[in-house]
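Some notes on the structure that comes next.
Residue numbers count from 1 along this sequence.
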Amino acid sequence: MKPTAAALFLLAAAASAQTIDQRIDRELPSLLATYKQLHAAPELSMQEKKTSELVASRLREIGFDVTYPFGQYSEPNATCYGVVAVMKNGAGPTVLVRSDMDALPVTEQTNLPYVSQSSGVMHACGHDIHMTTLLGTAKLLSELKSQWHGTLMLIGQPAEEVVKGADAMLRGGIYEKFGRPDFAIALHDNANMPAGQIGWFGGYFMASADSVNVTIRGMGGHGASPQATKDPVVMAAEFITALQTVVSRENSPLDPAVVTVGSIHGGTKRNVIPDEVQLLLTVRTYKPEVRKRVLVSIDRIARGIALAAGVPDNRAPIVEVLAGESTEATWNDPALAERLAKALTREMGANSVVKMDPLMVSEDFGRFGLEHKIPAVMLNVGAVDPARIASGERLPSLHSSQFAPVPEPTIRGGIKAMVVSALELLK
Ligand SMILES: [Zn+2]
Ligand SMILES: [Zn+2]
C-alpha cells in the first residue's frame, strides 16, 4: 500500500519533532561501532592516513563538502592528513568544530574487546571519542538544518599530540580557502569526571608547552681522577636542583608554571666521567610573559652552573627550545564560555554541566583562535564510570595504557554538548 500524502506529512513532522536525545539514541549503535573500529586501529601523529580517510568519507556521506587531505607541515615531504568539511546553510556566522585524530606510542593494557590491534600504538588520549563525537554532531546538525543558519566548518585535525597539526592546517591556508570562522569550539575527554558530564571554564584553560633540550657539557676522564675533569654528571645534578627555584622563587605563586625534567642521560660506565649529559625538559605556563621568563631562567641557570664549575666558554651548555614542539596556552574566550555554559545548562541540566578548574596539560586547539582574535572554547566531557570515582581508587590518567573511557555516556554527552553549542551559535 502506498502511503498517502497526509501520512508522509505526519511522518516528516514526527521526524522533525524528535528531540536531540532521541536522535542521539537512534545514531548511537552505529556510532559505538565506529568508535570501537577507531579504537582498535589507532595511528600515530602525522600517520593518520586510514583514520582521516574514514572521517572524511563519513562526513562526505552525511552531506558535507569535504576537502582532504588538507594542510602543510613545515617538513615539505610529510603529508598532512587534515580533513575540512563545510556545510553552508544560508546567511549567518561560521562555526568551526574541531576533533583531533592521532593516537600515542603507548602499548594498550586494557582488556577491552576492541583493544588496539596496532602494536605499541593506542588511543590513550581519547581522540577516538572526539572523532566519534564529531561524526555524531555532523549527522544531527545535518538533520536539524531548519534550526540553524550559517556555515559549519568541521575539522579533523592530525598531529595534536606533537602540536603540529593545527599549525599545519593554518599554514595550508584553511581560513583563506574556506573562510575565517566567527567561533571555534572543541571538546576533550576528561579522565577524572563522570562519563557524559560537561566541564567548562573561561580564561586560560590549558597551558603552553615548550620542549627544551639541555646538553650540559663538561670534560670527561677517569672516574678515579675527577680533578682532571669537569664532571657534567655533577653539574646536571646541580642544574636539576637549581631548576626547582624557577617556579618556587622567581615566579609569582599566582601564576601557574611547571618545569619538569622528564629524561636524563649521560655516561656509559661507572669509572668513566662522560663528556656530556643530556636532559629533556617540558615547561608549562599560562601567561606569555611567564613563559618567556621561565625559558630565559633555564638558560641562565645552565650557564651559571657551567661557569661556577669552571667550564670553558667553548664547552658552555647548549639550551635549545624546540620550535616545532611548542604551543601557546589555550585561551577559552570568557564571554563565549559563559554563553555556551548557559545554553548547555538549559539543555542538559545543572548536574550535567559543571565549571571546572583549568589544566596544566597542553593542546594546539588554541592556534585556531589566532591569538585570541577568534573567540574559541574547548569544553571537556567526563569519560569515567561514576562508581569508580566514588570508590576513591586511583584512576588512570589520559595517556595511560589503562585509560578506557566508558563509550556510551561519554559520546552521548559529547554529541549533545557540541550540537547544543553549535545551535546556540548559529540560531
Ligand atoms: Zn594527549
Ligand atoms: Zn588529547
TODO: Go through the side-chain N and O atoms of H39 and D128 and say whether any donor and acceptor fall under 3.5 Å apart.
DONE: yes
Open item on the list: Using every non-hydrogen atom in the two residues, find where L426 and G150 come nearest and quote the distance to one decimal.
Closed with: CD2-CA, 4.2 Å
Task: Test item: side-chain donor near acceptor, T34 and R58, under 3.5 Å - done: yes
TODO: For Q157 and D364, test the side chains for any donor-to-acceptor distance below 3.5 angstrom and give the result as yes or no.
DONE: yes
Open item on the list: Quiz question: by atom type and distance under 3.5 Å, do the side chains of N271 and H222 form a donor-acceptor pair?
Closed with: no
- [ ] Apply the side-chain contact (heavy atoms from CB on, under 4.5 Å) test between V83 and each candidate in L54, L154, I155, L59; give the one that qualifies.
- [x] L59
Open item on the list: Test your reading of the model: is there a side-chain donor-acceptor pair from E48 to the backbone of M46, 3.5 Å cut-off?
Closed with: yes
- [ ] Please say which of I240, V319, N213 ends up in a side-chain contact (heavy atoms from CB on, under 4.5 Å) with L279.
- [x] I240
Open item on the list: Can a side-chain donor-acceptor contact be found between E43 and T51 if the only test is distance below 3.5 angstrom?
Closed with: yes
Task: Charged N-O contact under 4.0 Å between K230 and E276 - done: no
Open item on the list: Surrounding CE of M356 (heavy atoms of other residues, nucleotides or ligands, distance under 6.0 Å), is the total greater than 12?
Closed with: yes
TODO: List the atom of A383, the atom of F403, and the distance in Å for their closest heavy-atom pair.
DONE: CB-CZ, 4.3 Å
Less than 3.5 Å apart, which donor and acceptor atoms pair up between the side chains of residues 306-315 and the rest of the protein, not counting sequence neighbours?
| residue | atom | partner | partner atom | Å |
| --- | --- | --- | --- | --- |
| R315 | NE | G218 | O | 2.9 |
| R315 | NH2 | G218 | O | 3.0 |
| R315 | NH2 | D275 | O | 3.2 |

Open item on the list: More than 12 heavy atoms of other residues, nucleotides or ligands under 6.0 Å from CG of N351: yes or no?
Closed with: no
TODO: Could you tell me whether E27 and R412 have a side-chain N and a carboxylate O separated by less than 4.0 Å?
DONE: no
Task: Any side-chain donor near an acceptor of the partner, T110 and E108, under 3.5 Å - done: yes
Open item on the list: In terms of relative ring orientation, are F178 and F70 parallel, tilted or perpendicular, with 30° and 60° separating the classes?
Closed with: perpendicular
Task: Partners meeting side-chain contact (heavy atoms from CB on, under 4.5 Å) with R180 (sequence neighbours left out) - done: Y175, L370, K373, I374
Task: Short side-chain donor-acceptor distance under 3.5 Å, E325 and S211 - done: yes
- [ ] Would you mind checking if R293 and E250 are paired as a salt bridge, meaning a charged N to carboxylate O distance below 4.0 Å?
- [x] no
Open item on the list: Could you tell me if T285 and S208 have a donor-acceptor pair between their side chains, going purely by distance under 3.5 Å?
Closed with: yes
- [ ] Using a strict cut-off of less than 4.0 Å between a Lys/Arg side-chain nitrogen and an Asp/Glu carboxylate oxygen, indicate whether R291 and E328 qualify as a salt bridge.
- [x] no
Task: Geometric class of the F201/F205 ring pair [parallel <30°, tilted 30-60°, perpendicular >60°] - done: parallel
Task: Ion pair E347/K416, N-O distance below 4.0 Å - done: no
Task: Salt-bridge contact D21-R23 (side-chain N to carboxylate O under 4.0 Å) - done: no
Task: Within 6.0 Å of NE2 in H265, more than 12 heavy atoms from elsewhere - done: no
Task: Nearest heavy atoms of S45 and A159, plus distance in Å - done: CB-CA, 3.9 Å
Open item on the list: Is it true that S74 and R171 share a donor-acceptor pair across their side chains at a distance under 3.5 Å?
Closed with: no
